[in-house]
Amino acid sequence: MSRFYAFTLVVAALLSVAGASLLGQSGANRRAAGDYIVVFHDDEPDVDGTVAEHQRAYGASVAQSYRRALKGYAATIPLARVDDIRRDPRVAFVSPDRA
């Protein structure tokens, strides 16, 4: 086997391992957070304040706030914090965002 051919095989193997590692990391990051719709009870008087509190307390990355048809927000939320949000007494329900 020529040196060039052996070198090419080694480089290809290293690139394959590096690529798989990068893909695994991005997949892990996607699994570490998810997109959700959080809906507050209709009587929530301060939607903006509660949304801001959820951002600080739970690490929610809010994409959109809702104040009219329903009160709440759409966000990417760390999976470890979703149940904490569900337990918030101001929250009516949390649903995966299927959009």
When clusters are formed by joining ILVMFWY residues with side-chain heavy atoms under 4.5 Å apart, either directly or through shared neighbours, do Val91 and Val62 land in the same one? yes
Can you tell me which residue among Ile85, Leu79, Thr76 is in a side chain to side chain contact (heavy atoms under 4.5 Å, CB included) with Tyr36? Leu79
Counterpart residues, side chain to side chain donor-acceptor pair (under 3.5 Å), relative to Asp42 (two or more places apart): none
Any side-chain to backbone donor/acceptor pair from Arg86 onto Ala92? Under 3.5 Å, distance only. no
Provide the full list of salt bridge (charged side-chain N to carboxylate O under 4.0 Å, His left out) pairs with a residue in residues 54-71, sequence neighbours left out, each pair given once. Asp48-Arg67
Which heavy-atom pair separates Ala75 from Ala60 by the least distance, and what is that distance? CB-CB, 4.2 Å
Between Val38 and Ile77, is there a side-chain heavy-atom distance shorter than 4.5 Å? yes
Contacts of type side-chain contact (heavy atoms from CB on, under 4.5 Å), residue Tyr66, not counting sequence neighbours: Ile37, Gln64, Leu70, Ala74
With sequence neighbours excluded, residues passing side chain to side chain donor-acceptor pair (under 3.5 Å) with Ser61: none
Sorted by first residue and then second, give each ring-ring contact (aromatic ring centres under 6.0 Å, His included) pair with at least one member in residues 80-99; sequence neighbours left out. none
So, using ring-ring contact (aromatic ring centres under 6.0 Å, His included) as the criterion, who are the partners of Tyr58 when residues are at least two apart? His54
Which pairs with one or both residues in residues 87-99 pass salt bridge (charged side-chain N to carboxylate O under 4.0 Å, His left out), sequence neighbours excluded? Glu53-Arg90, Asp84-Arg87, Asp88-Arg90
